[in-house]
Amino acid sequence: MCTVSFVPIKDGYCITSNRDEIITRERAIYPKKYIINSKEVYFPKDPKAGGTWFAHDTKNCVVLLNGAQDKHISKEKYRKSRGLIVTQLIASQNPINEWYLVDLKDIEPFTVVLFFNEKLFQLQWNELEKSSIELDVTKSHFWSSSTLYEKIIREERANWFNDFMSSENLNSQKLLDFHQYTENNNAFYGLQINRDGLLKTVSITQAIISNDKDIKLTYIDLLD
């Protein structure tokens, strides 16, 4: 929910997400199938709020990042978790239509990366208004959460990603390695963080979206 990449690969696409979280938060339930609105969906579940940061059905995927364009000041209480918006979108028949209909009043700002019907969208809520942008699926994209990484740091991390993308023979395993090991000595804003043992990258989730197969999900619990 704090670092996300989208990369076209041979015969499909790869979406990878790092979840940075306070370690006192209860650990997520491993990904499994759920039935919501009579639809089969798959995701790792946050037991505290019941939502998720990464969900998919057979062909579509929704990924959450905390924060929108800029860092915001968090309120003491919100109406419900942003992770429940993720499950609401993936469980709908048309997540784009659902995005325009969903009530986001008193929901903390967030960004959603949505892959739907072989199209890619960036959806954002900044507490005042929604925005949606269709992105080029033939190109790679990279996001860092605005709540944890200042703009100059987000730009530096994007440069690491661009350098990585210039390497040859990219595949899903190399993308997992990039998300797990890049700038390993940089505990504050490397791809896997550890800020004083209190805030850590706790998991990495990756979906491989093939042209002729169901989505393949890989989940790495970094606290194990």
Would you say that Asp103 contacts Arg79 through its side chain, given a criterion of any heavy-atom pair below 4.5 Å between the two side chains?
yes
Go through the steps for Gln180 and Asn18 under the test side chain to side chain contact (heavy atoms under 4.5 Å, CB included), then give the verdict.
CA-CA 8 Å; Gln180 187 168 358; Asn18 286 20; over 6 Å; no
Within a 6.0 Å radius of atom NZ on Lys130, are there more than 12 heavy atoms belonging to other residues, nucleotides or ligands?
yes
From CD1 (Ile107) to CZ (Phe110), nearest 0.5 Å:
7.5 Å
Rounded to the nearest 0.5 Å, the OG1 atom of Thr205 sits from the NE2 atom of His179 at a distance of 10.5 Å
How about Tyr78: does its OH atom have over 12 heavy atoms from other parts shown lying under 6.0 Å from it?
yes
Nearest 0.5 Å, what's the CD1-SG distance between Ile90 and Cys61?
6.5 Å
Which is it for Leu104 and Trp99 under the side chain to side chain contact (heavy atoms under 4.5 Å, CB included) test, yes or no, and what are the steps along the way?
CA-CA 9 Å; Leu104 298 178; Trp99 171 251; 3.9 Å; yes
How many angstroms lie between atom CG of Leu222 and atom CD1 of Ile220, to the nearest 0.5 angstrom?
6.5 Å
Do Tyr42 and Val62 share a hydrophobic cluster (ILVMFWY, side-chain heavy atoms under 4.5 Å, transitive)?
no
Any ion pair linking Lys80 and Asp106 (charged N to carboxylate O, less than 4.0 Å)?
no
With a 3.5 Å distance limit and no angle check, can you tell me whether Lys39 reaches the backbone of Asp57 through a side-chain donor-acceptor pair?
no
Please indicate whether Glu118 has more than 12 foreign heavy atoms, meaning atoms of other residues, nucleotides or ligands, lying under 6.0 Å from its CD.
no
Is it true that Leu64 and Tyr100 fall in one hydrophobic cluster, defined by side-chain heavy atoms closer than 4.5 Å?
yes
Under the side chain to side chain contact (heavy atoms under 4.5 Å, CB included) criterion, do Phe115 and Ile209 qualify, and how do the steps go?
CA-CA 9 Å; Phe115 183 84; Ile209 306 168; 3.6 Å; yes
Worked check of salt bridge (charged side-chain N to carboxylate O under 4.0 Å, His left out) between Asp46 and Arg25
CA-CA 9 Å; Asp46 175 13; Arg25 191 179 184 114; 2.4 Å; yes
Is the number of heavy atoms from other residues, nucleotides or ligands within 6.0 Å of CD (Glu150) greater than 12?
no
Assess the side chains of Trp125 and Glu108: does a donor N or O sit below 3.5 Å from an acceptor N or O?
no
Under a 3.5 Å distance rule, please check whether Arg154 uses its side chain to pair with a backbone N or O of Trp143 as donor and acceptor.
no
Over 60° means perpendicular and under 30° means parallel, so tell me whether Tyr219 and Tyr30 are parallel, tilted or perpendicular.
perpendicular
Establish, from distance only, whether the side-chain atoms of Asp136 and Thr138 form a donor-acceptor pair under 3.5 Å.
yes
Rounded to the nearest 0.5 Å, what separates atom CG in Leu84 from atom CG in Leu89?
11.0 Å
Taking Gln192 for its side chain and Tyr181 for its backbone only, find out whether a donor-acceptor pair lies under 3.5 Å.
no
I'd like to know if Lys75 pairs up with Glu127 as an ion pair, taking the criterion as any Lys NZ or Arg NE/NH1/NH2 lying under 4.0 Å from an Asp or Glu carboxylate oxygen.
yes
Heavy atoms, side chains only, cut-off 4.5 Å: are Leu217 and Gln206 in contact?
no
Considering non-hydrogen atoms only, spot the tightest contact between His72 and Gly67 and give its length.
CE1-CA, 4.0 Å
Determine the minimum heavy-atom distance between Asp221 and Val202, stating which atoms define it.
OD1-O, 3.5 Å
Lys71 atom NZ: more than 12 heavy-atom contacts under 6.0 Å
no
For residues Leu176 and Leu223: do they belong to one hydrophobic cluster (side chain heavy atoms under 4.5 Å, members Ile, Leu, Val, Met, Phe, Trp, Tyr)?
no
Can you confirm if the aromatic rings of Phe121 and Phe116 lie within a centre distance of less than 6.0 Å?
no
Drop me the distance from Asn162's CG to Ser140's OG, to the nearest 0.5 angstrom.
8.5 Å
Looking at Ser145 and Asn66, would you say the former's side chain and the latter's main chain have a donor-acceptor pair under 3.5 Å?
yes
Salt bridge check: are Asp224 and Arg27 linked by an N-O gap of less than 4.0 Å?
yes
Whether the Thr87 and Tyr34 side chains hold a donor-acceptor pair (N or O, under 3.5 Å, no angle test) is what I'd like checked.
no
N-O pairing of Glu40 and Lys33 below 4.0 Å:
yes
So does Gln173 get a backbone contact from the side chain of Asn171, meaning a donor-acceptor N/O pair under 3.5 Å?
yes
Salt bridge Asp20-Lys200, side-chain N to carboxylate O under 4.0 Å
no
Do you know which two heavy atoms are closest between Lys59 and Asp212, and how far apart they sit?
NZ-C, 3.9 Å
Minimum heavy-atom separation for Ser144 and Leu65, please, with both atom names.
C-CD2, 4.0 Å
Side-chain touch Ile133/Gln124, heavy atoms, less than 4.5 angstrom
no
Between Asn94 and Glu98, do the side chains contain an N or O donor and an N or O acceptor separated by less than 3.5 Å?
no
Heavy-atom pair with the smallest gap, counting every atom of Ser132 and Leu123:
CB-CD2, 3.5 Å
Report the C-alpha distance between Ile204 and Thr16 in whole Å, list the side-chain angles of each, state the deciding distance to 0.1 Å, and finish with yes or no for side chain to side chain contact (heavy atoms under 4.5 Å, CB included).
CA-CA 7 Å; Ile204 301 174; Thr16 312; 3.8 Å; yes
For a quick test of reading the model, state the closest non-hydrogen atom pair linking Ser172 to Cys14 and the distance between them.
CB-SG, 4.1 Å
For Cys2, does its backbone N or O pair with a side-chain atom of Arg19 as donor and acceptor, under 3.5 Å?
no
Check which hydrophobic residues are tied to Val7 through side-chain heavy-atom contacts below 4.5 Å, counting indirect links as well, and list them.
Ile9, Ile22, Phe142, Leu148, Tyr149, Ile152, Ile153, Trp160, Phe161, Phe164, Met165, Leu170, Leu175, Phe178, Phe188, Tyr189, Leu191, Ile193, Leu199, Ile208
Measure centre to centre between the rings of Phe6 and Tyr13, then say whether the value is under 6.0 Å.
yes
Are side-chain heavy atoms of Ser131 and Gln69 found at a separation under 4.5 Å?
yes
Between Arg157 (side chain only) and Gly190 (backbone N and O only), is there a donor and an acceptor less than 3.5 Å apart?
yes
